[in-house]
Protein chains: 2
Amino acid sequence: MTNYKEITAEILAIGDELLYGQIIDTNSHWISQELDKIGVRVVRRTTVGDNRDSMMAAFEDAEKRADIILMTGGLGPTNDDLTKPLLAEYFNCSIELVPEALEAVRTFFEKRGRELTELNRLQAHLPTKCTYVPNEVGTAPGMWFEENGKVWMSMPGVPHEMKKLMNDFVIPKIKSLYPLPIIYHKVIKTVGIGESWLADVIKDWEKNLPEHIKLAYLPSLGQVRLRLTAFGDDYDELQADVETVIDQVKPLIDKYIYGYNHESLEESIGRLLKQANKKVALAESCSGGYISHLITSIPGSSKYFQGTLVPYHNQFKNEILDVEAEILKKHGAVSEETIIQMAENIRTMFGADYGLASSGIAGPDGGWKEKPVGTVWIACAYEGKTVSKKLQLTHDRMLNIQLTAVAALNLLRLCILGKTE
Amino acid sequence: MTNYKEITAEILAIGDELLYGQIIDTNSHWISQELDKIGVRVVRRTTVGDNRDSMMAAFEDAEKRADIILMTGGLGPTNDDLTKPLLAEYFNCSIELVPEALEAVRTFFEKRGRELTELNRLQAHLPTKCTYVPNEVGTAPGMWFEENGKVWMSMPGVPHEMKKLMNDFVIPKIKSLYPLPIIYHKVIKTVGIGESWLADVIKDWEKNLPEHIKLAYLPSLGQVRLRLTAFGDDYDELQADVETVIDQVKPLIDKYIYGYNHESLEESIGRLLKQANKKVALAESCSGGYISHLITSIPGSSKYFQGTLVPYHNQFKNEILDVEAEILKKHGAVSEETIIQMAENIRTMFGADYGLASSGIAGPDGGWKEKPVGTVWIACAYEGKTVSKKLQLTHDRMLNIQLTAVAALNLLRLCILGKTE
């Protein structure tokens with residue numbers, strides 16, 4: 001596949017606050033995505049504290065492994081920030097004032113009507129071996145090194161400052177320095193089938209994937225994403241190759257595929273409802289409003305979402321939602337009889353095309369032998385038909401709420417598509 | 001304060017999906033926090049892909065640096081998951097069936113009324129040198145090793161599975177194995193005041209904190225947590241010292257403190273409602289069910305939560321919730337007049353003591369000059385009184401939904417406490 005040498009990168013995040021869990025490191029994740037897009041292979045991500053030995057060791061380790069070392073953090077004006085002095089020590093050079101950098105910091109503060117402090121002035125002193133990279137949205141400049149046959153970039157840990165340096169300087173610079181392979185990603189999003197069952201169903205297809213296309217399983221709550229990654233020389237060819245293998249696997253798992261790439265389950269349902277010009281209403285008991293939240297988190301959902309009732313007690317299921325007292329008395333709130341009436345009545349109440357309902361025992365308490373914690377009924381009522389389903393979930397309340405939502409949204413999806421059988 | 005040898009840990013996250021930026025690694029951050037709490041020093045965090053050489057190298061590196069190596073990921077039943085075989089290779093042992101583990105996986109699937117696949121069966125085969133650690137909420141077991149004078153724990157990458165293994169097994173086990181320094185943490189949880197205002201109000205108190213007590217500001221959406229950490233040799237002394245400084249700061253920010261440590265805003269509201277033996281009902285428009293979700297995510301919420309109506313269109317605000325058509329026509333859905341009727345009518349509809357309502361323009365579209373995106377009204381109606389409040393939030397839909405929920409829950413809290421003035 002590759003008449004290039006693969007270009008590798010290591011991402012180095014620096015700061016005690018990361019190791020102590022005071023701040024979550026979103027920078028390394030974002031940088032990973034950006035490098036992945038241009039075909040640079042991230043081989044490792046490392047986080048170290050503001051400590052000389054760990055940082056020097058991390059520099060050495062990274063240099064052994066990668067062509068490109070991108071680091072964030074440790075650039076503040078205070079003493080616990082060591083990146084600059086240690087890079088100077090590592091590359092064996094001195095730190096001197098860069099007039100251009102001083103000018104930039106001064107302007108930065110003037111714009112904000114503030115005085116330049118001695119600490120800020122120090123930020124304009126840089127290792128002599130680095131190329132000064134202006135930071136237009138902050139006071140800590142970027143530092144670019146080309147040493148020991150590798151390239152190094154040091155950036156501030158403040159996300160929007162790091163992102164601007166990456167977009168304006170680092171990414172274009174890397175593209176200009178290296179012949180990069182073409183990479184094409186596509187993610188198939190499935191719901192309603194577990195990872196191991198899915199793997200079973202598609203194992204022959206997986207075995208026969210072409211050499212230059214790799215498959216990864218990315219499971220999450222009630223869902224599994226299949227990520228296809230193709231490596232080669234021609235973007236259009238790779239795209240075509242990936243579409244070909246997707247066409248091969250589709251018939252095997254058609255019912256479970258709800259979308260591709262970044263489309264969420266609730267987005268795909270919004271798309272389907274808009275296309276069909278249909279509207280939905282919800283009666284949520286055990287899911288307590290979570291399904292409505294997912295649906296209404298999508299911009300434009302008011303076009304297809306009518307409303308929701310959460311009747312958390314039998315009294316309200318009867319008085320407000322009109323579920324027959326007899327049914328509730330005889331079969332209980334967590335029963336097929338009740339869920340069917342909930343779905344049908346909410347559909348009428350809001351004049352919707354689809355009525356979606358949930359009722360179950362979320363836990364941790366409240367279960368009994370016949371109906372243990374995790375017993376959930378869901379139903380979807382639409383033109384002349386009501387489909388109901390029983391779920392046996394976990395003992396974890398939040399998990400049960402989330403899994404109920406995924407199952408209910410998937411039931412709605414299958415009803416819209418007429419694929420419930 | 002330290003007559004102990006410092007105990008160090010390295011956190012190892014495994015998976016191509018992390019390096020490619022397909023999934024953000026929240027596990028390492030969470031593990032960092034938990035280890036910090038018990039006085040274990042995290043010296044490095046490393047992320048590697050599903051690749052033999054990188055993983056073996058990471059094992060070696062980690063063993064050189066840390067006493068404890070905690071790893072997540074690479075445990076799926078599929079072929080791209082290498083953690084188990086490589087740990088067996090690294091510790092030079094074979095992989096054999098663990099009947100107890102097979103039993104656990106079988107039960108896991110029986111509970112869900114599903115068949116065991118060959119792939120699942122494989123998950124019950126473990127390296128002979130590891131201690132099998134049952135995973136009650138998933139199919140990939142935990143593996144604990146004590147080898148080469150270090151302890152190693154391998155956990156699944158699925159966050160809720162990893163967290164359960166950490167809480168139930170790893171943390172207690174580490175505490176039992178090592179002499180750890182005494183650390184006492186207490187977190188003061190505040191809502192309704194921004195970080196910089198808070199810092200200003202308590203700056204003198206902060207300046208006078210004793211040497212051995214450290215303060216950290218942990219801001220999150222609409223809330224700020226103040227974490228006090230005391231270091232020493234006697235747990236009871238540290239606890240007493242921390243309580244003393246808390247007693248000093250309380251009067252300054254009493255109105256904003258809703259709880260301590262892990263109590264969430266919705267939990268504290270549940271506590272208050274149970275104490276007062278009162279019940280709440282919600283009418284959510286712009287928040288779309290999110291407030292109900294937060295309230296019902298708390299075990300036992302059925303004791304004080306009656307139900308919710310989400311009337312997403314004026315028609316339903318009028319027909320189902322009885323908001324006067326005149327009011328809606330004259331003032332619109334996002335107005336003080338409407339929100340007051342929503343709060344009072346939902347209280348009546350569900351026979352609740354408190355009626356809580358939200359109505360606003362979540363965005364990104366739908367705003368205009370007089371009512372730009374982010375304009376939100378909230379109100380709380382109770383015995384003989386209705387308190388309403390206007391919020392001017394952001395242009396981000398999800399952010400507006402979340403900030404509306406925090407503000408509404410805080411309004412409810414203040415109404416229950418009679419602190420609305």
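We name chains A, B, ... by the order of the sequence lines, and we start the count at 1 in each one. Worth saying up front: this structure is predicted, and the values here are computed from it rather than measured.
The residue among B/Glu136, B/Lys111, B/Arg114, B/Lys37 with the most heavy atom pairs within less than 4.5 Å of chain A is B/Arg114. Taking A/Pro299, A/Ser292, A/Gly307, A/Gly289 one by one and counting their heavy-atom pairs under 4.5 Å with chain B, the maximum is reached by A/Pro299. The candidate from B/Lys164, B/Arg41, B/Glu319 with the greatest count of non-hydrogen atom pairs under 4.5 Å with chain A is B/Arg41. The residue among A/Leu35, A/Ile23, A/Val187 with the most heavy atom pairs within less than 4.5 Å of chain B is A/Ile23. Chosen from B/Gln33, B/Arg397, B/Glu34, the residue pairing most often with chain A at heavy-atom distances under 4.5 Å is B/Arg397. Taking B/Thr26, B/Leu19, B/Asp36 one by one and counting their heavy-atom pairs under 4.5 Å with chain A, the maximum is reached by B/Leu19. Options B/Ile31, B/Leu309, B/Leu294 differ in how many heavy-atom pairs under 4.5 Å they form with chain A, and the most are formed by B/Leu309. Interface check for chain B: of the options A/Pro311, A/Ser302, A/Ser54, A/Gly49, the most heavy-atom pairs under 4.5 Å are formed by A/Ser302. Between chain B and the residues A/Gly351, A/Ser220, A/Ser297, the largest count of heavy-atom pairs under 4.5 Å involves A/Ser297. Most heavy-atom pairs under 4.5 Å with chain A, from the set B/Val48, B/Thr46, B/Ile401, B/Ile24: that is B/Ile24.
Contact of B/Ala281 with chain A is not made at all, since no heavy-atom distance falls under 4.5 Å. Heavy atoms of B/Tyr290 lying under 4.5 Å from chain A belong to its backbone as well as its side chain. Using a 4.5 Å cut-off between heavy atoms, B/Val158 makes no contact with chain A at all. Proximity to chain B (any heavy atom under 4.5 Å) is restricted, for A/Leu399, to the side chain, taken from C-beta onward. With a threshold of 4.5 angstrom between heavy atoms, A/Leu218 approaches chain B through side-chain atoms but not through N, CA, C or O. With a 4.5 angstrom heavy-atom cutoff, B/Ile320 touches chain A only via side-chain atoms. Contacts between A/Leu391 and chain B at a heavy-atom distance below 4.5 Å are absent for every atom of the residue. For a residue to count as touching a neighbouring chain, one of its non-hydrogen atoms must lie under 4.5 Å from one of that chain's; by this rule A/Ala57 touches chain B with backbone and side chain alike. Looking at B/His313, both its backbone and its side chain come within 4.5 Å of chain A, counting heavy atoms on both sides. At a 4.5 Å heavy-atom cutoff, the contact between B/Gln22 and chain A is made by backbone and side-chain atoms alike. For B/Phe109, the part sitting under 4.5 Å from any heavy atom of chain A is the side chain, from C-beta outward, and nothing else. Both the backbone and the side chain of A/Ala58 come within contact range of chain B, each with at least one heavy atom under 4.5 Å from a heavy atom of that chain.
B/Ala9 approaches B/Val40 most closely through the heavy-atom pair CB-CG1, 3.7 Å. B/Ala408 and B/Leu356 make their closest contact through O-CD1, 3.6 Å (heavy atoms, listed as atom of the first residue, atom of the second, distance). Scanning all heavy atoms of the two residues, the minimum distance from B/Ser285 to B/Ser359 falls at CB-CA, 4.0 Å. The two atoms that bring A/Leu18 and B/Arg45 nearest to each other are O-NH1, 2.8 Å, heavy atoms only.
A/Asn400 places a side-chain N or O within donor-acceptor distance of the main-chain N or O of A/Thr394, the cut-off being under 3.5 Å. In this structure a side-chain-to-backbone donor-acceptor pair under 3.5 Å is present from B/Asn167 to B/Lys163. Judged by distance alone, the side chain of A/Lys186 and the main-chain N or O of A/Thr229 form no donor-acceptor pair under 3.5 Å. Counting only distance, with no hydrogens or angles, the side chain of A/Gln306 and the backbone of A/Ala352 share no donor-acceptor pair below 3.5 Å.
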**Prompt:** side-chain hydrogen bond (donor to acceptor under 3.5 Å, both in side chains) between B/Asn120 and A/Ser196: does it pass, once the steps are laid out?
**Reply:** CA-CA 7 Å; B/Asn120 302 132; A/Ser196 45; 3.1 Å; yes
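Interatomic distance, B/Lys214 NZ to B/Ile183 CD1, rounded to the nearest 0.5 Å: 11.5 Å. Rounded to the nearest 0.5 Å, atoms CG (B/Asp25) and CG (A/Asp25) are 9.0 Å apart. In this structure, CZ on B/Arg227 lies 6.0 Å from NE2 on B/His185, to the nearest 0.5 angstrom.
None of A/Arg65, A/Arg44, A/Lys64 except one satisfies the side chain to side chain donor-acceptor pair (under 3.5 Å) rule with A/Glu10; the exception is A/Arg65.
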